[in-house]
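Structure first, then comments.
This is a predicted model, so every value here is computed, not measured. In what follows, chains carry the letters A, B, and so on, assigned in the order in which the sequence lines appear, proteins first and then strands, with residues in each chain numbered from 1.
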Protein chains: 2
Amino acid sequence: MHDHAETHDAAGCCGGDAEGAIARAERICRERDLQFTRLRRDVLAAVAAQTRPLGAYDIAERLSEPGRRVAAVSVYRALDFLTEQGFVHRIASRNAFVSCGHAHSDGAGLVFLICRSCGTIDETTSPEVEHQLGRTLAKAGFKPVSRILEVEGECEACLGRPTEA
Amino acid sequence: MHDHAETHDAAGCCGGDAEGAIARAERICRERDLQFTRLRRDVLAAVAAQTRPLGAYDIAERLSEPGRRVAAVSVYRALDFLTEQGFVHRIASRNAFVSCGHAHSDGAGLVFLICRSCGTIDETTSPEVEHQLGRTLAKAGFKPVSRILEVEGECEACLGRPTEA
DNA sequence: GTCAGGGTGATACACTGTAACACTCCGGCA
DNA sequence: TGCCGGAGTGTTACAGTGTATCACCCTGAC
């Protein structure tokens with residue numbers, strides 16, 4: 001769907017490859033001796049099926065069906081777990097979540113690219129940005145623990161076809 | 001209160017100098033032929049009196065007094081105006097607002113330093129980070145319109161006195 | 001005087017997120 | 001077998017964040 005390569009590790013990131021993301025999460029949970037329950041799997045699947053971010057209530061609605069009501073609060077708990085493990089990321093500027101296949105140790109160094117035309121969220125990293133940011137923080141005497149870097153604009157695909165919504 | 005110089009333009013930024021921030025905003029509004037109404041002034045004053053971010057409902061509460069009830073809706077409208085003009089900034093990770101004395105053209109290039117101990121929000125810029133980020137985005141074929149960069153951690157002052165909350 | 005536009009007040013509502021408590025399931029242990 | 005404790009989930013309630021809508025007021029233009 002959005003294949004400008006080389007900003008990404010490989011396949012399976014940021015939606016579009018739900019199976020891959022789930023398989024990866026399942027494996028990592030086994031390694032870490034954590035429970036990859038049905039709810040957690042379903043929430044991850046819902047998020048991973050999208051390239052645009054989903055709100056918690058969206059997810060709850062998608063998972064609910066006749067005979068199974070999934071409350072938002074349950075979704076939040078699952079999302080807490082999934083973000084802690086690095087399987088999904090929270091987009092602060094949207095109050096929404098996207099999945100991420102390549103589980104970075106701690107979510108450090110990520111840059112989110114949010115297209116305001118198609119809503120797709122892409123994800124990349126930049127050691128150079130990280131390096132300069134580290135220098136800037138050191139100069140300010142600030143010891144970082146976590147950070148968010150979200151850029152809104154036009155993605156490559158949408159720039160190619162200017163008049164499509 | 002937090003004076004590690006050189007990350008800032010000068011005085012009057014990020015709270016602590018409400019009068020300066022208000023005077024500056026008033027002047028700029030005159031230049032731009034915009035209305036700097038009482039509500040907008042009061043909202044800016046409330047935000048500028050703090051180094052930690054205020055929520056819209058906090059602000060509404062502070063401005064309300066016997067005989068004058070300020071609704072959150074009104075505060076939001078004032079905040080919209082103030083952020084558009086660059087007098088205050090929204091902290092996405094906190095859903096809250098801080099004031100900024102030096103009105104950058106468009107809020108570009110800012111880095112927010114959020115101390116998780118004392119809650120103070122400091123603000124700096126880094127041309128090097130900006131430059132590297134620009135290169136990263138160009139490589140991804142992404143055309144940026146706006147961005148947020150917020151770092152959470154320990155500020156210099158709190159690092160100096162480790163066991164104070 | 002009328003009219004239009006910007007700003008504000010007020011009510012209602014949608015969306016986002018958390019607290020608290022009860023229940024189930026499962027593994028360990030006497 | 002029965003008990004126990006912890007993790008996960010369901011449920012209700014509620015707090016916090018943000019927007020839609022309409023009415024009203026003021027001001028400046030004609």
Side-chain angles (χ1 to χ4, degrees), chain A residues 25-26 29-30 32-47 50 52-85 87-98 119 148 150, chain B residues 25-26 29-30 32-47 50 52-85 87-98 119 148 150:
Chain A
E26 200 155 16
C29 282
R30 254 198 314 273
R32 299 181 187 168
D33 202 26
L34 298 169
Q35 299 186 46
F36 194 58
T37 63
R38 177 184 171 200
L39 179 66
R40 292 172 178 176
R41 179 169 39 76
D42 289 351
V43 169
L44 177 58
V47 174
Q50 299 284 322
R52 53 208 84 196
L54 279 181
Y57 280 68
D58 279 339
I59 298 170
E61 203 172 313
R62 276 159 201 259
L63 297 188
S64 292
E65 47 187 18
R68 185 195 189 197
R69 189 179 100 81
V70 177
V73 68
S74 299
V75 173
Y76 275 109
R77 283 188 290 230
L79 286 171
D80 283 345
F81 171 84
L82 296 171
T83 51
E84 264 169 32
Q85 302 306 319
F87 303 146
V88 312
H89 298 298
R90 182 184 153 74
I91 305 298
S93 60
R94 298 287 179 105
N95 292 325
F97 300 82
V98 293
I148 61 175
E150 299 172 10
Chain B
E26 200 155 16
C29 283
R30 254 199 314 275
R32 298 180 187 169
D33 202 27
L34 298 170
Q35 299 185 45
F36 194 58
T37 64
R38 178 186 171 201
L39 180 65
R40 291 170 180 179
R41 179 168 42 74
D42 289 351
V43 169
L44 178 56
V47 174
Q50 300 284 323
R52 53 208 84 196
L54 279 181
Y57 281 68
D58 278 340
I59 298 170
E61 204 172 312
R62 276 159 202 258
L63 296 187
S64 294
E65 45 188 18
R68 185 196 189 196
R69 190 179 98 84
V70 177
V73 186
S74 301
V75 173
Y76 275 110
R77 282 189 290 231
L79 286 170
D80 283 345
F81 172 84
L82 296 171
T83 50
E84 264 170 30
Q85 301 306 319
F87 303 145
V88 312
H89 298 298
R90 182 185 154 74
I91 305 298
S93 60
R94 297 288 180 105
N95 292 325
F97 300 83
V98 292
I148 62 175
E150 300 172 11

Integer-rounded Å distance: C:dG27 P and A:Asp33 CG: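 Computing the A:Asp33:CG to C:dG27:P distance gives 12 Å.
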Nearest-Å distance for atom pair CZ/P, residues A:Arg94 and C:dG17: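 From A:Arg94 CZ to C:dG17 P: 14 Å.
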Tell me, do [X] and [Y] make a side-chain contact under 4.5 Å, heavy atoms counted?
X       : Y       : value
B:Gln50 : B:Arg62 : yes
B:Glu26 : B:Cys29 : no
B:Gln85 : B:Leu44 : no

So what does [X] touch, heavy atoms closer than 4.0 Å: a base, only the sugar-phosphate, or nothing?
X       : result
A:Val70 : nothing
A:Arg68 : nothing
B:Arg38 : nothing

Which nucleotide in the list [options] gets nearest to the side chain of [X]?
X       : options                : result
A:Ser74 : D:dT12, D:dT9, C:dT8   : D:dT9
A:Tyr57 : D:dT17, C:dG9, C:dT16  : C:dT16
A:Arg77 : D:dT19, C:dT18, D:dG10 : D:dG10
A:Asn95 : C:dA10, C:dG17, C:dG7  : C:dG17
B:Arg69 : D:dG10, C:dA10, D:dT11 : C:dA10
A:Phe97 : C:dG17, D:dT12, D:dT9  : C:dG17
B:Arg90 : D:dG18, C:dG9, D:dG8   : D:dG18

B:Arg77 CZ to B:Leu82 CG distance, which is reported to the nearest 0.5 Å: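 Rounded to the nearest 0.5 Å, the CZ-CG separation comes out at 13.5 Å.
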